[in-house]
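So the structure is just underneath, and the comments pick up after that.
A note on names: the letters A, B, ... follow the listed sequences, proteins ahead of strands, and every chain is numbered from 1. Keep in mind it's a predicted model, so treat the numbers as computed, not measured.
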Protein chains: 2
Amino acid sequence: MARTTIYDVASAAGVATSTVSRAFSRPGRVSAVTRERIMRVAAELDYRPNPHARALLSGKHQTVAMVVSDITNPHYFELIRGAEMRARVSEYTLLLVNAEESPRVEWEQIQRLSPAVDGFLLAASRLPDENLQQVAAQRPVVLISRELPGLASVVLDHGEGCRQIVAHLASLGHRDLVYLAGPRNSWMAATRWAALQSAAEQVGMGVRRIGPFTPKATQGGAAADGAVNDGATAVVAHNDLLAIGVMQRLSQRGIRVPEDVSVVGFDDIFAADVCTPGLTTLGGAHVDVGRAAVELLLTAGSRTADDQPRVVLPTALVLRRSTGNAPTTRPRRSRGSQRSAS
Amino acid sequence: MARTTIYDVASAAGVATSTVSRAFSRPGRVSAVTRERIMRVAAELDYRPNPHARALLSGKHQTVAMVVSDITNPHYFELIRGAEMRARVSEYTLLLVNAEESPRVEWEQIQRLSPAVDGFLLAASRLPDENLQQVAAQRPVVLISRELPGLASVVLDHGEGCRQIVAHLASLGHRDLVYLAGPRNSWMAATRWAALQSAAEQVGMGVRRIGPFTPKATQGGAAADGAVNDGATAVVAHNDLLAIGVMQRLSQRGIRVPEDVSVVGFDDIFAADVCTPGLTTLGGAHVDVGRAAVELLLTAGSRTADDQPRVVLPTALVLRRSTGNAPTTRPRRSRGSQRSAS
DNA sequence: CAACTGACGGCAAGGGGTTGCCAAGTTGTT
DNA sequence: AACAACTTGGCAACCCCTTGCCGTCAGTTG
């Protein structure tokens, strides 16, 4: 149970602890032969440096934490994979922590971990801007799927992506769309809404928004009913999970997708490919997002506060069966008396 | 950047560092009024104890690590949620680390984290038994979806579960089934195979196994072809991801599910519910598994090595459209000349 | 009012490494 | 042969907090 320490190695090898320490952390500083002996003894004793003790003085942990808003969202998979790949290359450990869609939990986790990691990857953070600044003041931070002046970030190009969605729907004859909004404190939700509005305006399409909704399949029911009530022919859901929930509900109500209503999601998760009908969704190279974010984080030391890069990666609209021609006999638009809470 | 330390607080409050320390870690040991003052000063200075330094001496980190074989498997969601809930109750931080299906990565991550956490939750570990013993010698360990004498574990009752699967298939008229095996070093794969065999024997059903397969949807193609080649009327895939991949491939080849072939998975992931046809799968209360595992880990200190509990939780067979009556004109069984690699 | 008992706070020694500084040992130079 | 310039390795302080032990002081008890 008691780990072997640097002292054990030092006495077993007949050298000072400082020499052992240097053998590990500064290979050039000790002669090859001594180093060799120390390493052998260390291996025999099964010695491994204690990262805590090391970090206590040096401040380096070789560890970064990735905080995700909700780890049960499959969207993060690729992100995580990309981040992990890049972290491994530099021999960093990637810690995953789940904020469970709660700003409070997110904040607490960050504070607890702050002294234990070299930096944070904040994916779809639900924290208010001020809190992000505070975190950034303590540790290097890279934002994912969120932007804030002064902080490094990696996002997918939603301006262009939403333009693609709108163009796609327009080409199918849709005259307006309904956006099923994501959580109130989600930067991404606001960004998507703004991008959809501006893209729609350019082609003369009408846009409305209902929500916010927690972006889970279980919330799809309420969202679907709201959209139907609104008389929508095309709905763009905040993410794939919500979109799938919407389709389930529509199917229950006997409303056909895409004949009566077209549905579009975001993220291109696995389930979007296997559900029926397949979900048209805005995807992107999430692996690259994760990779780029770690890259930025590891090189953060060499940049000043007013020199924080904003990386914007391209999106790709994945067409599946959930989008189709707008219905010719347009469903009557309801009297608009009972919109969903907004 | 420089964090405020216990010294800053001590001098600002006019007390010794030890008093500050006790105010935090041993509330009763210091008078209420002193404690109050210290807390106020600490709050003003935005002091937070450094968990590293604390752990260095006390050995307590208030942190447990959950190592999962592949975090991109949705099956872990509920497990993670359950574990997180339980950890939060005791104010423990749950660290997630991904082994990426690689025993080597898993081992390295564990070794790196070992001095930094109070214990490990090993979910579907791919490590050989000896390595598990070694880890357990260093830190408390709770196995999830795996058992090993001498170590605490939490698993779903696959004996009973497989009996349910077999009974279900038998009741639909199937006379034999093919098991599409999971990874070679997966204890769960071996357990499921054994359980299926014994359950099938009891009802006089034939069982065969092909594989192993990496349990991802992308591997479903090869698995499906192997099963078809085998003339199977019912296939039981190692997990839902693989099962879904199988169904996709079957559909490509014009083989109908469930009319020509019935498909069963394990885990009851979200996609199993939305794919077409819906996937019959063996689920269970994974949240409870995660919760129970953390429970065991936190109480590990009070148990001896030969008193390690094995918790077995019930499974539930979720029936969906992917299983149906065995075809009456039984597909000819191929000459068996070209089985999939085994 | 003396003796005793707790409660409370301080001193100082770690815990496992890292690192600035210094001394001894090597090798090279003239 | 004497001295300069490196190499190496050791000493000891330090990182931030915990904790055993001790002294002080106020409150009890007889």
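Note on the helix from C:dC1-D:dG30 to C:dT30-D:dA1: angle between the axes of the first and last five pairs equals 40°, rounded to 10 degrees.
Using cut-offs of 30° and 60° for the angle between ring planes, the B:H75 and B:H286 rings count as perpendicular.
Here B:E78 pairs with B:R81 in a salt bridge; the nearest charged N to carboxylate O distance falls below 4.0 Å. In summary, B:R104 and B:E108 engage in a salt bridge, as defined by a charged side-chain N under 4.0 Å from a carboxylate O. Between B:E147 and B:R310 there is a salt bridge, with a side-chain nitrogen of the basic residue lying less than 4.0 Å from a carboxylate oxygen of the acidic one.
For the pair A:N50 CG and D:dC17 C1', the computed distance is 14 Å after rounding to whole Å. Look at CG on B:L56: it is 14 Å from P on D:dC15, rounded to the nearest Å. In this structure, B:H52 places its NE2 atom 14 Å from P of D:dT18, rounding to the nearest Å. When the P atom of C:dG15 is taken as reference, atom NZ of B:K60 falls 18 Å away, rounded to whole Å.
The side chain of A:S31 approaches D:dT8 more closely than any other nucleotide in the set D:dT8, C:dG10, D:dG10.
Of the possible polar contacts, none joining the A:D118 side chain to the A:V64 backbone as a donor-acceptor pair under 3.5 Å is found.
Residue B:R35 is classed as having no contact, given no heavy-atom separation below 4.0 Å to the nucleic acid.
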Self-check item: Letter per nucleotide, 5' to 3', of nucleotides 18-27 of chain C [B base touched, S only sugar-phosphate touched, - untouched; heavy atoms, 4.0 Å]
Solution: BBBB------
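Considering B:V117, B:T63, B:L121 as possible partners of B:L94, the one that fulfils the side-chain contact (heavy atoms from CB on, under 4.5 Å) test is B:L121.
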